[in-house]
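Okay, structure first, notes after.
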Amino acid sequence: MPVDMNGYWKMISNDNFEEYMKALDVNIAIRKIALLLKPDKDIVQNGDHMMIKTLSTFKNYNMDFHVGKEFEEDLSGVDDRKCMTTVTWEGDKLVCVQKGEVEGRGWTQWVQGNELHLELRAGGAVCKQVFKKT
């Protein structure tokens, strides 16, 4: 049985986010704004169907998918790209692979106690974010 990630999560740390955004070729103005934000995550998990909402005062991003099924992800709210995305369970971790223009793009997410850990990867850059359940 997969880990329960349901809930509302508030960001408590965001390490190496600027390097991650540079690897995605996000323009400097957007990077400067994004660095000031502390987005929340609202996760609804129903079996293999998941909705992960990233919410901030600047932009929101919604990801709606079924674990194990590849889909076209529109990242226009992030870096204006599209990619083919697959999210799978690897033990207690949710692992995302995003195939597209940027090599090595994806993320890994897991729960540890009352914290949600998210490791974002792109072009060799790694960003580590931690959220606390509210």
Side-chain angles (χ1 to χ4, degrees):
M1 186 72 183
V3 172
D4 182 8
M5 295 189 180
N6 278 299
Y8 198 86
W9 307 83
K10 290 195 144 311
M11 179 178 276
I12 57 174
S13 68
N14 189 9
D15 298 325
N16 208 35
F17 190 50
E18 185 164 23
E19 291 306 310
Y20 170 75
M21 289 188 292
K22 282 181 186 177
L24 292 175
D25 200 27
V26 173
N27 80 55
I28 191 164
I30 300 295
R31 285 199 321 259
K32 295 303 175 194
I33 293 168
L35 286 171
L36 298 173
L37 302 174
K38 286 192 159 232
D40 297 337
K41 296 277 184 189
D42 187 10
I43 301 175
V44 176
Q45 178 181 351
N46 186 3
D48 281 340
H49 180 232
M50 295 192 79
M51 291 186 345
I52 301 174
K53 295 178 183 175
T54 304
L55 308 168
S56 76
T57 54
F58 181 60
K59 279 187 179 180
N60 295 333
Y61 179 71
N62 297 327
M63 189 175 184
D64 188 338
F65 62 93
H66 286 86
V67 176
K69 292 184 181 175
E70 185 176 56
F71 64 98
E72 183 177 60
E73 185 176 7
D74 183 352
L75 294 155
S76 57
V78 181
D79 66 339
D80 297 325
R81 291 187 172 98
K82 289 186 179 181
C83 60
M84 294 308 294
T85 299
T86 306
V87 181
T88 57
W89 285 106
E90 289 185 14
D92 288 346
K93 294 183 177 183
L94 205 54
V95 178
C96 174
V97 174
Q98 296 166 314
K99 296 177 194 164
E101 294 175 39
V102 180
E103 281 296 311
R105 184 174 188 169
W107 48 262
T108 302
Q109 180 172 286
W110 66 97
V111 174
Q112 200 169 319
N114 67 343
E115 292 179 346
L116 177 75
H117 292 257
L118 177 60
E119 183 180 278
L120 302 161
R121 298 176 301 278
V126 178
C127 168
K128 295 185 179 181
Q129 299 178 337
V130 180
F131 300 80
K132 191 164 193 144
K133 195 166 195 174
T134 60

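Please read these numbers as outputs of a predicted model, since none were measured by experiment.
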Please examine the side chains of [Y] and [X], heavy atoms only from C-beta on, and report whether any two atoms are closer than 4.5 Å.
{"X": "Val87", "Y": "Met50", "result": "no"}
{"X": "Met63", "Y": "Met51", "result": "no"}
{"X": "Leu116", "Y": "Ile43", "result": "yes"}
{"X": "Tyr20", "Y": "Val26", "result": "no"}

Would you please name every residue forming a side chain to side chain contact (heavy atoms under 4.5 Å, CB included) with [X], sequence neighbours left out?
{"X": "Lys133", "answer": "Trp9"}
{"X": "Asn16", "answer": "Glu19"}
{"X": "Asp4", "answer": "Asn6, Gln45"}

Considering only Ile, Leu, Val, Met, Phe, Trp and Tyr, and joining two whenever side-chain heavy atoms are under 4.5 Å apart, list the other residues clustered with Ile12.
Val130
Is the number of heavy atoms from other residues, nucleotides or ligands within 6.0 Å of CG (Asn46) greater than 12?
no
Determine whether more than 12 heavy atoms belonging to other residues, nucleotides or ligands lie under 6.0 Å from atom NZ of Lys22.
yes
Is there a path of hydrophobic side-chain contacts, each under 4.5 Å between heavy atoms of I/L/V/M/F/W/Y residues, joining Met21 to Val126?
no
Are Ile33 and Met11 linked, directly or through intermediate hydrophobic residues, by side-chain heavy-atom contacts shorter than 4.5 Å (ILVMFWY only)?
yes
Can you pull the salt bridge (Lys or Arg N to Asp or Glu O under 4.0 Å) pairs that have at least one residue in residues 48-62, sequence neighbours excluded?
none
Could you give the distance from CG (Asp92) to CD (Glu90), rounded to the nearest 0.5 Å?
11.5 Å
Value rounded to 0.5 Å, distance of CD in Glu119 from CH2 in Trp107:
12.0 Å
Contact summary for [X] and [Y], nearest pair of heavy atoms:
{"X": "Tyr61", "Y": "Leu75", "value": "OH-CD2, 3.3 Å"}
{"X": "Asn14", "Y": "Cys127", "value": "OD1-SG, 3.3 Å"}
{"X": "Leu120", "Y": "Phe17", "value": "CD1-CE1, 4.4 Å"}
{"X": "Phe65", "Y": "Ile52", "value": "CE2-CD1, 3.9 Å"}
{"X": "Val67", "Y": "Thr88", "value": "CG1-CA, 3.8 Å"}
{"X": "Ala122", "Y": "Ala23", "value": "O-CB, 3.2 Å"}

Per-pair distances, 0.1 Å, donor-acceptor, side chain in residues 35-42, under 3.5 Å, sequence neighbours excluded:
unit_1, atom_1, unit_2, atom_2, d
Asp40, OD2, Tyr8, OH, 2.7
Asp40, OD2, Lys10, NZ, 3.1
Lys41, NZ, Thr54, OG1, 2.8

Filter on ring-ring contact (aromatic ring centres under 6.0 Å, His included), then keep only pairs touching residues 24-44, sequence neighbours left out; what's left?
none
Applying side chain to side chain donor-acceptor pair (under 3.5 Å), can you list everything that pairs with [X], at least two apart in sequence or on another chain?
{"X": "Ser13", "answer": "none"}
{"X": "Asn62", "answer": "none"}
{"X": "His49", "answer": "Asp64"}

Can you tell me which residue pairs pass the side-chain hydrogen bond (donor to acceptor under 3.5 Å, both in side chains) test with a partner in residues 93-104, sequence neighbours excluded?
Glu73-Gln98, Arg81-Glu101, Gln98-Arg105
If the condition is ring-ring contact (aromatic ring centres under 6.0 Å, His included), which residues does Trp110 pass it with, not counting sequence neighbours?
His117
